[in-house]
2 protein chains.
Amino acid sequence: MTVSVDDFVKTIYKQSVLAKADTKLSTISGLLNVSNAATTDMARKLAQKGLVNYTKYKPLTLTNEGEKLALNVLRKHRLWETFLFQTLGLSLYEIHQEAENLEHFTSDFLAGKIEEYLGNPETTPQGAPIPSFNGQIHVDSSQLLLSEAEAGVTYEVSRLSGSEKDFLDFCRSNGITIGAEINIEKQYLSGKMTEITIDKSKILLHEDVANIIYVRRLVNH
Amino acid sequence: MTVSVDDFVKTIYKQSVLAKADTKLSTISGLLNVSNAATTDMARKLAQKGLVNYTKYKPLTLTNEGEKLALNVLRKHRLWETFLFQTLGLSLYEIHQEAENLEHFTSDFLAGKIEEYLGNPETTPQGAPIPSFNGQIHVDSSQLLLSEAEAGVTYEVSRLSGSEKDFLDFCRSNGITIGAEINIEKQYLSGKMTEITIDKSKILLHEDVANIIYVRRLVNH
DNA sequence: ACACAAATTTAAGTTTACTTAAATTTGCAG
DNA sequence: CTGCAAATTTAAGTAAACTTAAATTTGTGT
């Protein structure tokens, strides 16, 4: 498979798991930074290869085959991220950039070796689940978005689901790291803003941030 | 730089360091598995980019800039080989295949991190020198080809300069590994065949093999 | 139910990295 | 120093992955 095919199915996959998010052709074009015409062409081509379900003017969806490919690319991406962080000591931001390139040129064999070396981790350092070789992905139903968390309750951070430098820098400099304890003070306008306490300091989070941080309710609180 | 540019300069570089080997356009085409027409096109293009010296009908050579690029690609290739062997435990044959893919998508930054992690190794597990970031490559003048070694003298294996599975399998199953001691029994037809003793067994090597194994004279023998 | 803006598709064209086949140049044998 | 084979270049064409611009389809508002 080529880089553009990998990226195409990966993008549709990511978009489709964001439950309410649509897979409109123009959304995919936007995420891939290509014209709609290019996306139409690619959709046709991959429909013919049995990776994408394509009907003119309809949203794009993956076939089982296509989803399998997407998960395999995601698997390699996340194994690299974990490896680059744990073994080579790159930062959370750096690992994303490098993994983005390496993922397309990693054999299944090598991916398996990395996984084994790491001791079969369930998630990346940002808390993202790593799909298994046969396309299984462990969905942690105990976690929810910070924007949907309940006021007055204490949670622990379980996943930082963003790869922008700004976002990761912001999280780190405010102590928002995997495992950190967060108390929800108040939700404003049903999640448009979320006020939290972390390390005794109060922060007001914009929904753009609270929508990509997952938390898990702490049992002993 | 694209994969084809990387591979083009890498191939010219490798060919030109094989002292007597020529860099005829058709030789390069052969090694890259493309037509002569494709090589002519690429040569023109890279001449314009200042990487290759190109004069119609003349052999291909690299500019300083081109050699720098070739060494940088080779550096990444060899760092990956060393890493995949030492850290992830792949075989000598497997590392070549994987490194061939990864080398083109590795940032200078990541290469540096790998180098650091490995403790700045001088050579790969096959004994090939690893170019430094600034394009320096340590040529070990104490080593020579097995086909040019002197009869009656004992050497140690210092480099296996081939990446074919057959070759590496042959070496391993006959104890020809880096550091192994070899006694030269006799050179036939000035290196066309080389008779050696290793681990007390006598082997007659064809020049194809003796021309890609480097040895170093042992001082205490 | 119809008009019209937004989304999508089609058409035509570009660049990169190739191909084959024909034309040209080189260098060597006699 | 001529003639010819081998090497190289030129010419023309292909496939992938894009682009912009024009044409078409969809769905929403009244």
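Proximity of A:Ser35 to the phosphate of D:dT20: no side-chain N or O atom is located under 4.0 Å from OP1 or OP2. Under 4.0 angstrom from either OP1 or OP2 of C:dT8 there lies at least one side-chain N or O belonging to A:Ser26. When the side-chain nitrogen and oxygen atoms of B:Tyr54 are compared with OP1 and OP2 of D:dT8, none of them lie within a distance under 4.0 Å.
For B:Thr40, whose side chain is taken as the heavy atoms from C-beta onward, the closest listed nucleotide among D:dT8, C:dT19, C:dT8 is D:dT8. The side chain of A:Leu25 lies closest to C:dT9 when the candidates are C:dA17, C:dT9, D:dT8. For A:Lys45, taking side-chain heavy atoms from C-beta onward, the closest of the listed nucleotides D:dA16, C:dT19, D:dA7 is D:dA16. Among the nucleotides C:dT19, D:dA21, C:dT8, the one closest to the side chain of B:Ala38 is C:dT19.
For A:Asn72 and A:Lys76, the side-chain atoms include at least one donor-acceptor pair closer than 3.5 Å.
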task = Could you please spell out the steps behind the side chain to side chain donor-acceptor pair (under 3.5 Å) verdict for B:Thr63 and B:Glu65?
result = CA-CA 5 Å; B:Thr63 62; B:Glu65 195 69 9; over 6 Å; no
task = Give the intermediate values and the outcome of side chain to side chain donor-acceptor pair (under 3.5 Å) for residues A:Ser26 and A:Asn36.
result = CA-CA 6 Å; A:Ser26 54; A:Asn36 288 334; 5.1 Å; no
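B:Ser4 comes within contact range of the sugar-phosphate backbone alone, with a heavy-atom separation under 4.0 Å but no base atom that close. Residue contacts for A:Thr39: at a heavy-atom cut-off of 4.0 Å it reaches no nucleic acid atom on any strand shown.
Between B:Asp7 atom CG and C:dT16 atom C1' the separation is 15 Å, expressed in whole Å. Rounded to an integer number of Å, the gap from A:Leu60 CG to C:dA7 C1' is 12 Å. Atoms CG (B:Asp22) and P (D:dT8) sit 9 Å apart, rounded to a whole Å. Between B:Asp41 atom CG and D:dA15 atom C1' there is a gap of 16 Å when expressed in whole angstrom units. Taking atom NZ of residue B:Lys24 and atom C1' of nucleotide D:dT9, one finds them 15 Å apart after rounding to whole Å. Straight-line distance from the NZ atom of B:Lys58 to the P atom of C:dT25: 13 Å, rounded to whole Å. Protein atom OH of A:Tyr57 is 14 Å distant from nucleotide atom P of C:dA7, rounded to whole Å. Between A:Ile28 atom CD1 and C:dA7 atom C1' the separation is 14 Å, expressed in whole Å.
Checked against a 6.0 Å centroid threshold, the rings of B:Phe83 and A:Phe83 count as neighbours.
The salt bridge (charged side-chain N to carboxylate O under 4.0 Å, His left out) search around B:Arg159 returns none, not counting sequence neighbours.
Remark on DNA chain D: of its neighbouring residues B:Ala37 and A:Met42, the 5'-side contact belongs to B:Ala37, judged by nearest-heavy-atom nucleotide.
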